[in-house]
Enquirer: 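Before I ask anything, let me first share the structure, which is written out below as structure tokens.
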Amino acid sequence: MSAQPSTPASGGRTPTVIRVLVLATFVVILNETIMINAIPRLMEDLAITDRAAQWVSTAFMLTMAAVIPATGWFLQRVSTRQAYAAAMGVFLAGTALSAIAPSFAVLLLGRIIQAGGTAVMMPLLMTTLMTVVPEHDRGRVMGNVTLAISVAPAMGPVISGAVLQIGSWRWLFLLVLPIAGVIAWLGLRQLENVGEPQAGQIDSPSVALAALGFGGLVFGLSRFESGKLTSPALIVAAGSALIAAFVFRQLRLQRTGAPLLDLRVLLSGTYTKALVLMSVAFMAMLGSMILLPLYLQNLRGLSPLATGLLVMPGGLAMGLLGPTVGRLFDRFGGRLLVIPGSIGIAVSLAGFTQVSMTMPYWQLLALHILLMVSLAAAFTPVFTLGLGALPQHLYSHGSSMLGTLQQVAAAFGTALVVTVMSARSTTLVAEGADVINATLDGMRLAFLVSAVLALIVIIMAVLLPGRSAAPEAEDPETTTPELIKG
């Protein structure tokens with residue numbers, strides 16, 4: 001997907017190829033969060049423990065972390081239609097298998113297959129967008145993309161809560177299956193290829209190192225809990241060592257022009273700053289997304305459906321603001337949006353450090369909306385600035401790097417807040433505090449840690465430029481690192 005598109009997007013209109021990919025991405029991301037409320041039902045129907053049931057989410061995240069590093073290479077070797085057909089075909093197969101799963105092992109396999117398809121869709125969407133949409137119109141189109149990918153995760157828990165009120169967890173897959181099938185069919189009818197695939201053999205050791213390294217790191221991070229740190233720490237160390245080996249191999253392969261994940265994207269200062277900002281912001285966001293449902297359900301006694309309804313307005317606000325943020329970015333640049341957005345993230349997380357058993361729900365709602373709106377103000381410009389600073393032939397690798405580090409950041413953020421909360425509450429209980437107050441104090445400390453992380457987001461926001469000085473697309477065979485600095 002390295003050649004220039006034959007029909008670039010005209011200003012003011014979102015290309016059909018982007019509309020199709022956004023619709024498909026919406027469905028697969030909705031599916032990623034739709035199982036959140038189904039854990040208790042799975043435990044009852046399949047006679048499994050809560051630890052085992054959590055694997056329907058953990059396995060999905062592990063697969064994403066393992067597969068995404070290879071998508072940059074994959075998207076350069078196949079056409080747009082082939083990539084789309086493969087992603088949707090794998091996703092549909094996983095969804096069908098999950099719907100009819102006779103046992104937990106089969107359900108887990110179905111979720112892993114689903115994740116394999118999902119891992120391709122987001123890099124495919126972003127790479128195609130950066131290729132077919134002119135620089136002056138990218139903010140608006142990226143804003144429309146934000147609408148879809150922000151509303152989907154917000155709607156997942158609400159939809160699953162409603163479905164589980166009246167039916168089996170299997171309906172969560174049976175309802176998605178025909179919708180995804182129709183979208184896949186429509187997409188293959190309307191989708192046109194963008195650019196030309198490149199020839200090249202895949203490096204099998206790189207695939208193994210990426211899968212085991214990133215998968216091991218995410219797995220180790222997901223196992224952290226108070227009092228059980230040694231085993232997860234060893235897994236994280238092993239995963240980190242494999243990632244280091246993966247990095248050294250990519251640096252060597254770059255001299256031959258065929259790395260699995262091209263690390264020359266990191267030579268762009270703007271892209272690297274955007275990568276750090278997105279990863280830390282995602283870490284802080286995921287930490288809060290874990291803590292808030294725990295607080296609302298375990299301490300305040302809300303049902304999963306009520307919890308989903310309370311956090312839905314924030315997700316909808318984030319999505320609906322996406323197009324407006326995109327237009328403002330096209331007109332004024334990124335700093336006007338990213339700096340206030342990063343400050344808003346820190347302020348909202350600081351506000352959550354004041355949670356109590358009597359805090360009014362409207363205050364929780366207001367803080368959550370502020371967090372989501374602030375993330376919307378930051379994410380669309382930062383994504384556009386970061387990828388826009390790369391030459392065209394590195395768009396797919398830049399998207400893959402962002403997607404991979406988002407999965408790692410999600411696992412790290414979750415592990416960090418859960419470990420901090422558990423350690424603090426355990427200490428207080430040992431000192432004689434009651435469980436509820438101890439848990440509440442642990443949550444406050446965990447929110448404080450997220451707020452401190454948000455200070456890094458503010459620093460990166462100040463360092464980012466207002467607009468990317470995107471280099472012209474060069475021949476990837478002749479590009480040297482010096483050509484893509486900046």
Enquirer: I'd like to know if the side chain of Q82 and the backbone of S79 have a donor-acceptor N/O pair within less than 3.5 Å.
Expert: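 Side chain of Q82 to backbone of S79: a pair is present.
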Enquirer: Work out which heavy atom in A83 is nearest to a heavy atom in V78; give both atom names and the distance.
Expert: CB-CG2, 3.8 Å
Enquirer: What closest approach, in Å, do A24 and M121 show between heavy atoms, and which atom pair accounts for it?
Expert: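 For A24 versus M121, the nearest heavy atoms are CB-CE, 3.5 Å.
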Enquirer: Scan S399, S400, S396 and name whichever one has a side chain to side chain donor-acceptor pair (under 3.5 Å) with T71.
Expert: S400
Enquirer: Can you tell me how far the OG1 atom of T128 sits from the CG atom of L75, to the nearest 0.5 Å?
Expert: 7.5 Å
Enquirer: Can a donor-acceptor pair be found, under 3.5 Å and without considering hydrogens, that links the side chain of R111 to the backbone of A59?
Expert: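 Judged by distance alone, no pair lies under 3.5 Å.
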Enquirer: Measure the acute angle between the ring planes of F246 and F214, then classify it against the limits of 30° and 60° as parallel, tilted or perpendicular.
Expert: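 Ring orientation of F246 relative to F214: perpendicular.
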Enquirer: Which heavy atom of V325 sits nearest a heavy atom of A376, and at what distance?
Expert: CG1-O, 3.6 Å
Enquirer: State the CH2-CD1 distance between W171 and I166, to the nearest 0.5 angstrom.
Expert: 9.0 Å
Enquirer: Is the shortest side-chain heavy-atom distance between W169 and L107 below 4.5 Å?
Expert: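 Yes; the side chains approach each other to less than 4.5 Å.
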Enquirer: Show the nearest heavy-atom pair for residues L62 and G215, with the distance to one decimal.
Expert: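 Result for this residue pair: CD2-O, 3.0 Å.
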Enquirer: What are the two closest non-hydrogen atoms of L174 and A99, and how far apart are they?
Expert: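 That closest heavy-atom pairing would be CD2-CB, 3.7 Å.
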